[in-house]
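Because the structure is predicted, anything quoted here is derived from the model rather than measured.
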Amino acid sequence: MHYQSESWGSYMPTRSSVGDPQERIERLASENAVVIFSMSTCCMCHAIKRLFCGMGVNPTVHELDEDPRGKDMEKALMRLLGSSTAVPVVFIGGKLIGAMDRVMASHINGTLVPLLKEAGALWL
């Protein structure tokens, strides 16, 4: 996994972004094949990260609670999802997949692996 924060695994420096948190989310989501917006203390976020790692996917993880602008991004994600819960949120190939329920439904119905292959996150 690639983490945005130094406290976890690989460090991914976040370029400064002026403006709207929604624009920042869209930019970050499009920079890698699989991007997860997470909170370091969230058990559902941990579960989704483990799912992808267990599948052999190396997601880029942005821990919002370790980002100085994380609160604004969290609010933008809640608006994007139309939900009171902002994390975990998964983007594959720059496209919003959704929260835990959508990712798990895609995994169960067999549509997750093709999405990951199309994005270049899986090769087998």
Suppose we screen for side-chain hydrogen bond (donor to acceptor under 3.5 Å, both in side chains). Which residues come up paired with Thr111, at least two apart in sequence or across chains?
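side-chain hydrogen bond (donor to acceptor under 3.5 Å, both in side chains) list for Thr111, sorted by chain: Asn109.
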With respect to Phe52, which candidate in Val90, Val61, Asn58 satisfies the side-chain contact (heavy atoms from CB on, under 4.5 Å) definition?
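Among the candidates, only Val90 passes.
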Measuring from atom [atom1] of [X] to atom [atom2] of [Y], what distance do you get when rounded to the nearest 0.5 angstrom?
X	Y	atom1	atom2	answer
Ile25	Asp72	CD1	CG	9.5 Å
Lys71	Asp65	NZ	CG	8.5 Å
Ile36	Glu63	CD1	CD	9.0 Å
Thr41	Glu66	OG1	CD	9.0 Å

Are any side-chain N or O atoms of Glu74 and backbone N or O atoms of Ala86, one a donor and one an acceptor, separated by less than 3.5 Å?
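No: the side chain of Glu74 does not pair with the backbone of Ala86.
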Within a strict 4.5 Å, meaning less than it, do heavy atoms of the [X] and [Y] side chains meet?
X	Y	result
Pro59	Cys53	yes
Leu115	Lys95	no
Met104	Leu51	yes
Val103	Ile92	no
Leu28	Met73	yes

Listing request: all ring-ring contact (aromatic ring centres under 6.0 Å, His included) pairs with a residue in residues 77-121, at least two apart in sequence or in separate chains.
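As it turns out, the ring-ring contact (aromatic ring centres under 6.0 Å, His included) pairs with a partner in residues 77-121, which skip direct neighbours, are Phe37-Phe91.
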After noting the C-alpha distance and the side-chain angles of Arg24 and His62, does the key distance pass the side-chain contact (heavy atoms from CB on, under 4.5 Å) rule?
CA-CA 12 Å; Arg24 184 168 184 235; His62 295 281; over 6 Å; no
Arg27 with Glu23: basic N within carboxylate O range, under 4.0 Å
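Answer for the salt bridge query: no.
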